[in-house]
Amino acid sequence: MDIVAIIAQLIGGAAGGAATGKAVKQSDLGNAGNVIAGAIGGLGGGWIFGSMTGMGGGDIGAIIGQLVSGAVGGGVLQVIVGFIKNKMMA
């Protein structure tokens, strides 16, 4: 995996985590928490998607795929972490 793919996954994950945290109020971790959880999930989501599809390279299609898979992975991890945190606090 090259650095461009990692950066795209981090950016997509951070955006996905932030958006999901604001959309799903029960899982909101605050701005910083949403972005951090999203970025970590973006790396995981991009890695899983990339290994399943074999998508690589630096062309625009691969970068968009990494952004989208990062956003999805970031959103999913943010919701999971947010729900776990809120259940533990209750």
Side-chain angles (χ1 to χ4, degrees):
M1 187 177 319
D2 63 347
I3 191 71
V4 174
I6 292 171
I7 291 171
Q9 292 167 5
L10 285 170
I11 291 171
T20 305
K22 296 305 171 191
V24 182
K25 298 294 183 190
Q26 297 88 353
S27 72
D28 191 12
L29 299 169
N31 289 334
N34 292 340
V35 169
I36 292 169
I40 294 169
L43 285 175
W47 177 74
I48 291 170
F49 181 75
S51 66
M52 287 181 3
T53 62
M55 183 180 294
D59 63 342
I60 192 69
I63 294 171
I64 291 172
Q66 296 294 337
L67 280 169
V68 171
S69 63
V72 171
V76 168
L77 185 65
Q78 189 282 326
V79 167
I80 292 169
V81 170
F83 281 140
I84 290 171
K85 176 196 165 261
N86 290 333
K87 288 295 181 186
M88 291 178 70
M89 299 297 283

Problem - Given Leu10, Leu77, Ile48, the one that forms side-chain contact (heavy atoms from CB on, under 4.5 Å) with Leu43 - result: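 The passing option is Leu10.
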Practice task
Considering non-hydrogen atoms only, spot the tightest contact between Ser27 and Asn34 and give its length.
Solution key: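 That closest heavy-atom pairing would be O-OD1, 4.3 Å.
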Exercise for the section: For residues Ser69 and Gly46, report the shortest heavy-atom separation together with the two atoms involved. Expected result: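 What the structure gives for the nearest pair is OG-CA, 3.5 Å.
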In residues 80-90, what donor-acceptor pairs under 3.5 Å come from side-chain atoms, sequence neighbours left out?
{"from": "Asn86", "atom 1": "ND2", "to": "Gln26", "atom 2": "O", "distance (Å)": "2.2"}
{"from": "Asn86", "atom 1": "ND2", "to": "Gly82", "atom 2": "O", "distance (Å)": "3.2"}

Exercise for the section: Find out if a path of hydrophobic residues (ILVMFWY) with successive side-chain heavy-atom gaps under 4.5 Å connects Ile40 to Val35. Expected result: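 No.
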Handout entry: Ala18 backbone acceptor or donor facing Gln78 side chain under 3.5 Å
Key =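 No, Gln78 side chain to Ala18 backbone: no donor-acceptor pair under 3.5 Å.
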Exercise for the section: Taking salt bridge (Lys or Arg N to Asp or Glu O under 4.0 Å) as the test, write out the residues that go with Lys22, two or more places apart. Expected result: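 Scan of Lys22 (salt bridge (Lys or Arg N to Asp or Glu O under 4.0 Å), adjacent residues dropped) gives Asp28.
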